[in-house]
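To keep things clear, I will list the structure first and then write my remarks on it.
Hydrogens, waters and symmetry mates are skipped; everything else that's a heavy atom, side chains included, is used. Reminder, nothing fancy here: chain letters follow the sequence lines and each chain counts from 1. Being a predicted model, the structure only gives us computed values, none of them experimental.
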2 protein chains.
Amino acid sequence: MELKEAISIVIKQERKKNGMSQEELAHLCNMDRTYISLLERKKRNPTLDVIFRMSNSFQMKPSTFVKMLEDIMHL
Amino acid sequence: MELKEAISIVIKQERKKNGMSQEELAHLCNMDRTYISLLERKKRNPTLDVIFRMSNSFQMKPSTFVKMLEDIMHL
DNA sequence: TTGTGACTAGAAGTCCGTG
DNA sequence: GCACGGACTTCTAGTCACA
């Protein structure tokens, strides 16, 4: 399982859990709407900075976000 | 405290804890020595992928690495 | 052993739009 | 509400010679 795939899964999952559209999430993260789409379609390898902003929007710690990635990747 | 600063601190700290030079760490990470130097001098915002590779070289989980960043940044 | 400038290639990330 | 694309700018990845 690739990192990009795990990221895609976690973003979609958390975004929907919070009942947000891509656009709403983008706004919260101070990002472009199409960039969220790119991440969910596994087209980008985000910087750590992006992970921190996304985690914040999901009201979780970045390490929790990363832990979810590890679980999905079986690390 | 900026993310780049926290990254710099953790890398230096863990590298020295393991008694490694930048060159030795670079070799373990499959990276160039000067790139490690760039990170330690806060000249790059690394991708998550880079964080995963570095954590692996320190024999720690990426989430542990990120947790250290949070602690330093008081998050 | 590390800092640094210079560099290229390509990726990150934005902004416009369409179906 | 989202996938997808083109065009674009900014920045990272990665390397080298040299101080």
Side-chain angles (χ1 to χ4, degrees), chain A residues 1-60 62-63 65-66 68-70 72-73 75, chain B residues 1-63 65-66 68-70 72-73:
Chain A
M1 159 87 68
E2 241 187 292
L3 181 55
K4 275 192 276 202
E5 272 191 74
I7 291 172
S8 166
I9 291 170
V10 171
I11 293 179
K12 274 189 224 169
Q13 176 186 296
E14 293 305 307
R15 180 169 67 78
K16 295 191 173 171
K17 184 188 289 180
N18 288 274
M20 287 188 269
S21 66
Q22 289 181 349
E23 188 143 11
E24 287 168 331
L25 175 58
H27 187 253
L28 272 178
C29 296
N30 247 338
M31 287 177 197
D32 198 83
R33 145 187 86 74
T34 61
Y35 183 59
I36 305 288
S37 174
L38 285 168
L39 290 176
E40 292 194 359
R41 285 180 290 130
K42 311 159 201 163
K43 302 291 188 186
R44 288 292 189 276
N45 275 305
T47 53
L48 186 57
D49 172 67
V50 165
I51 300 299
F52 268 62
R53 281 189 275 160
M54 299 255 326
S55 305
N56 192 52
S57 297
F58 291 142
Q59 300 185 346
M60 60 168 61
S63 58
F65 189 103
V66 173
M68 290 174 124
L69 297 177
E70 289 167 3
I72 290 174
M73 298 168 80
L75 287 185
Chain B
M1 159 87 70
E2 241 187 293
L3 181 55
K4 274 191 276 203
E5 271 190 76
I7 291 172
S8 166
I9 291 170
V10 170
I11 293 178
K12 274 188 222 170
Q13 175 185 296
E14 292 306 307
R15 179 169 68 78
K16 295 190 173 172
K17 184 187 289 178
N18 289 276
M20 288 188 270
S21 65
Q22 289 181 352
E23 187 143 13
E24 287 167 329
L25 175 56
H27 187 252
L28 270 178
C29 297
N30 247 339
M31 290 177 192
D32 198 84
R33 170 189 75 76
T34 60
Y35 182 61
I36 306 286
S37 176
L38 286 168
L39 291 176
E40 290 193 0
R41 285 180 293 128
K42 311 157 200 163
K43 300 294 187 184
R44 287 288 191 281
N45 275 306
T47 54
L48 185 57
D49 172 66
V50 166
I51 300 299
F52 268 62
R53 280 189 276 159
M54 298 259 324
S55 305
N56 192 51
S57 297
F58 290 140
Q59 301 186 343
M60 59 169 61
K61 288 189 174 184
S63 58
F65 189 103
V66 173
M68 291 174 122
L69 298 176
E70 289 167 3
I72 291 174
M73 298 169 79

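Within a heavy-atom distance below 4.0 Å of DNA chain D, the residues of residues 9-30 of chain A found are A/R15, A/S21, A/Q22. For the contact set between residues 48-63 of chain B and DNA chain D, defined by any heavy atom under 4.0 Å, the members are B/V50, B/R53.
The separation between B/L39 atom CG and D/dA13 atom P is 7 Å, rounded to whole Å. As a whole-Å value, the separation of A/L38 CG from D/dA3 P is 10 Å. In this structure, CG of B/D32 is placed 5 Å from C1' of D/dT15, rounded to the nearest angstrom.
Of the inter-residue distances, the one linking B/K61 atom NZ with A/L75 atom CG reads 8.0 Å to the nearest 0.5 angstrom.
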Without placing hydrogens or testing angles, list every side-chain donor-acceptor pair under 3.5 Å for residues 25-35 of chain A, not counting sequence neighbours.
residue	atom	partner	partner atom	Å
A/D32	OD2	A/T34	N	3.0
A/D32	OD2	A/T34	OG1	2.6

Under 3.5 Å, which donor-acceptor pairs link side chains of residues 41-48 of chain A to any protein atom two or more places apart or in another chain?
residue	atom	partner	partner atom	Å
A/R41	NE	A/S37	O	3.4
A/R41	NE	A/S37	OG	3.0
A/R41	NH2	A/S37	OG	3.1

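Remark: B/E23 engages no residue in a side-chain hydrogen bond (donor to acceptor under 3.5 Å, both in side chains) (not counting sequence neighbours). For B/E70, the side-chain hydrogen bond (donor to acceptor under 3.5 Å, both in side chains) partners at least two apart in sequence or on another chain are A/S63. With sequence neighbours left out, the side-chain contact (heavy atoms from CB on, under 4.5 Å) criterion links A/I72 to A/M1, A/A6, A/I9, A/V10.
A rotation axis mapping the C1' atoms of four pairs onto the next four is fitted at both ends of the helix from C/dT2-D/dA19 to C/dG19-D/dC2 over five pairs, and the angle between these axes is 40° to 10 degrees.
No donor-acceptor distance shorter than 3.5 angstrom exists from the side chain of B/S8 to the backbone of B/K4, with no hydrogens or angles considered.
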* Sugar-phosphate or base contact per nucleotide [nucleotides 5-11 of chain D; S, B, -; heavy atom under 4.0 Å] -> B------
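Note that the first and last nucleotides of DNA chain C, 5' to 3', having any atom under 4.0 angstrom from a heavy atom of chain B are C/dT2 to C/dT4.
The shortest side-chain heavy-atom distance between B/L69 and B/F65 falls under the 4.5 Å cut-off.
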* Should B/E2 and B/M73 be marked as a side-chain contact (heavy atoms from CB on, under 4.5 Å) after you check the CA-CA gap, both sets of side-chain angles, and the distance that decides it? -> CA-CA 7 Å; B/E2 241 187 293; B/M73 298 169 79; over 6 Å; no
* **From CA spacing to verdict: side-chain contact (heavy atoms from CB on, under 4.5 Å), A/F58, A/Q13** => CA-CA 11 Å; A/F58 291 142; A/Q13 176 186 296; over 6 Å; no
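A salt bridge (Lys or Arg N to Asp or Glu O under 4.0 Å) check over residues 10-21 of chain B, counting only residues at least two apart or in different chains, returns the pairs B/E14-B/K17, B/R15-B/E40. Listed by first and then second residue, the salt bridge (Lys or Arg N to Asp or Glu O under 4.0 Å) pairs that reach into residues 46-56 of chain A are A/D49-A/R53, sequence neighbours excluded.
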